[in-house]
Amino acid sequence: MKKSLLTVFFLYTLPMFMQADAQSAAIKKWADAELLHQAPMEQAHVGICIYEPASGKYWYQYQDDKFFTPASNNKIFALYAGMKLLGDSLPGVRYYENDTALFVKGMGDPSFLHPDYTYQPLLQLLQQTSKNIYLVPVVNSNKRYGPGWAWGDYADDYQPELNEWPMYGNVARIYHHKDTSTIVPDIYHLNVISDDTLSSAITDRDERNNTFFLKYNPKDKEITKAEVPFITGSVQDLRERLEDTLHKRIGFAVAPPTGTYKVLNSIPSDSLFTAMMQRSDNFFAEQTLIMSAARSWDTISSKRTIDYLLSNDLQSLPHPPQWVDGSGLSRYNLFTPRDFVTVLTLLKQQFPQERLWHILATGGRGTLRNYYQQQFVHAKTGTLNGVVALSGYLVTKKNKILVFSVLVNNHHDTATSVRRAVERMLTMIWKDY
């Protein structure tokens, strides 16, 4: 009896093992041919992990236990934080009202006065109230930049400052056409300089103050639109921005009331997550960690969000990462490909697949608009100098759902060349399985 049961076991399981071996062998062949042994990728640091949740089998593993700088693949972890801790709507503000006053405390909502979002419940509350408005101080352990961010990028649109009450996305928007130049918010000064030697317009900001510059060629007929981060400054600077917008006096709550503060919800969370993932919005990713801490613990602390998740929901990660920011701008971040496969598997287990597919980029959409035109990949890209990353889900022609992560560090080629090589390998998996 025991012998017959053993025979049945082997007859049942042997084809599964043989199939897994065949899959691994085929993918290894494709990875070798398209990715690992093509100059100059041979000198790069590459990690690959491909996993099938339905069977619990790893189809292919290559250096998936090694640590990599993940660039914007970090936003996958920011997405997990937001989906677990924020709920269906973003927290706009904590507020308390009595007969004569409205006390408000920022919670990090990046949609306030952001031109992408017309729904502005906080603005309506502040505009419509006839009561005196007072800013309540917050516990803020964050700095204006994340750990390890490049100091020279202060005027680049992908690195706005972080704070407890963003306005306008924490960037000044500069517009120029012919002889007309404007800046929003107009509380800031724009120096406009004509230079007929320029091939295109240049925008900049003084490193230490909110003085902005626009240099343009008067012969240029193109419309210039640029976003330049402003210095968020102190709570006094926040008050000045609010007063300029609302045309109301704003006070400071020297002795804030100790009653129960309500949370005013803002936009639907997925409307932020979709932009964060599809256009790889660094600011939205960072503020997601901030809002998660503000909603959970009434404090502004990206680190607290990270530490909480690593000690609780993400304690099953196979290789405890070095996770320092939400956007992936920092090269201090270190993750393994298997870490990404693990968190993506958790996302798929805990949230509807349709929701994830809607949020993530795919062929022809978002940062993958020029890749994967068959739309079999739903994933997040990542790019820094010398870094290319892609992690997400692959749906094969036979409708098998795979979770994958491909991380490339220290390559000496264009990001496009590396992405095309990864695309060729993943396309072969899609076609054959």
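Computed from a prediction, not measured in an experiment: that's the story for all the values here.
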As a test of understanding, state which of Trp30, Tyr51, Tyr433 forms a ring-ring contact (aromatic ring centres under 6.0 Å, His included) with Trp59.
Tyr433
So, for Ser200 and Asp220, which heavy atoms are closest and what is the spacing to 0.1 Å?
CA-OD2, 4.3 Å
For the rings on Phe283 and His114, is their centre-to-centre separation under 6.0 Å?
no
Tyr261 side chain reached by Pro256 side chain, heavy atoms, under 4.5 Å
yes
Would you please classify the geometry between the Phe230 ring and the Tyr188 ring as parallel, tilted or perpendicular, with 30° and 60° separating the classes?
tilted
Going by an N to O cut-off under 4.0 Å, is there a salt bridge joining Asp32 and Lys28?
yes
Pair Tyr145 + Trp151: ring centers closer than 6.0 Å:
no
Under a 3.5 Å cutoff, is there a donor and acceptor pairing between the side chains of Asp325 and Trp149?
yes
Looking at Asp298 and Lys105, is there a salt bridge between them, counting it only when a charged N and a carboxylate O are closer than 4.0 Å?
yes
Please report the interatomic distance CG(Leu360) to CD1(Ile76), rounded to the nearest 0.5 Å.
7.5 Å
Can a side-chain donor-acceptor contact be found between Asn170 and Thr232 if the only test is distance below 3.5 angstrom?
no
Would you mind telling me which of Thr336, Leu310, Asn333 makes a side chain to side chain contact (heavy atoms under 4.5 Å, CB included) with Pro321?
Leu310
Separation between CG of Leu86 and CG of Leu289, rounded to the nearest 0.5 Å
9.5 Å
Using modelled atom types only, decide if a donor and an acceptor are shared between the side chain of Thr299 and the backbone of Ser301 within a distance under 3.5 Å.
no
Between Asn282 and Lys75, is there a side-chain donor-acceptor contact under 3.5 Å, judged purely by atom types and distance?
yes
Only one of His177, His176, Lys178 forms a side chain to side chain contact (heavy atoms under 4.5 Å, CB included) with Ile223, so which one is it?
His177
Could you check Gln287 against Leu162 for side chain to side chain contact (heavy atoms under 4.5 Å, CB included), going step by step and ending with a plain yes or no?
CA-CA 7 Å; Gln287 296 294 140; Leu162 315 177; 3.7 Å; yes
Indicate whether the side chain of Thr245 and that of Tyr168 have a donor and an acceptor atom separated by less than 3.5 Å.
yes
Taking the six-membered ring where the residue is Trp, are the ring centres of Phe340 and Phe77 under 6.0 Å apart?
yes
Is there a donor in the side chain of Asp339 and an acceptor in the side chain of Thr342, or the other way round, less than 3.5 Å apart?
no
Arg419 versus Thr383: any side-chain heavy-atom pair under 4.5 Å?
yes
Separation of Leu123 CG from Thr118 OG1 (nearest 0.5 Å):
11.5 Å
For the atom pair CG (Leu90) and CZ (Phe273), what is the distance rounded to the nearest 0.5 Å?
6.5 Å
Counting N and O atoms only, with roles assigned by atom type, does the side chain of Thr362 sit under 3.5 Å from a partner on the main chain of Arg365, one being a donor and the other an acceptor?
no
Are the side chains of Leu85 and Arg295 in touch, meaning some heavy atoms are under 4.5 Å apart?
no
Counting distance only, does the side-chain N/O of Lys248 pair as donor-acceptor with the main-chain N or O of Gln127 below 3.5 Å?
yes
Test Thr224 against Ile174 for side chain to side chain contact (heavy atoms under 4.5 Å, CB included), laying out the working first.
CA-CA 8 Å; Thr224 297; Ile174 297 172; 5.7 Å; no
Determine, step by step, whether Gln350 and Met83 satisfy the side chain to side chain contact (heavy atoms under 4.5 Å, CB included) criterion, reporting the C-alpha distance in whole Å, the side-chain angles of both residues, the deciding distance to 0.1 Å, and the verdict.
CA-CA 10 Å; Gln350 297 171 11; Met83 294 181 77; over 6 Å; no
Looking at Gln353 and Lys348, would you say the former's side chain and the latter's main chain have a donor-acceptor pair under 3.5 Å?
no
Verdict with reasoning, Tyr216 to Leu198, per side chain to side chain contact (heavy atoms under 4.5 Å, CB included):
CA-CA 7 Å; Tyr216 75 100; Leu198 294 175; 5.5 Å; no
Could you label the plane-to-plane angle of the His319 and Phe67 rings as parallel, tilted or perpendicular, counting under 30° as parallel and over 60° as perpendicular?
perpendicular
Is it true that a side-chain atom of Ser269 and a backbone atom of Gly87 form a donor plus acceptor pair closer than 3.5 Å?
yes
pair Leu334-Thr69: side-chain heavy atoms closer than 4.5 Å
yes
Closer than 3.5 angstrom, by distance alone: can the side chain of Gln278 be matched with the main-chain N or O of His358 as a donor-acceptor pair?
yes
So how far is it from Lys84 NZ to Ser296 OG, rounded to the nearest 0.5 Å?
11.5 Å
Do the side chain of Asn409 and the main chain of His45 share a donor and acceptor less than 3.5 angstrom apart?
no
Here the gap from Ile133 atom CD1 to Arg249 atom CZ, rounded to the nearest 0.5 Å, amounts to 12.0 Å
In terms of the angle between their ring planes, are Trp430 and Phe376 parallel, tilted or perpendicular, with boundaries placed at 30° and 60°?
parallel
Determine yes or no for a side-chain-to-main-chain donor-acceptor pair under 3.5 angstrom, with Ser72 supplying the side chain and Thr381 the backbone.
no
Using a distance-only test with no angle check, is there a side-chain donor-acceptor pair under 3.5 angstrom linking Lys380 and Thr367?
no
Between the main-chain N or O of Ile231 and the side-chain N or O of Asn210, is there a donor-acceptor pair closer than 3.5 Å?
yes
Short question: side chain of Arg338, backbone of Cys49 - any donor-acceptor pair under 3.5 Å?
no
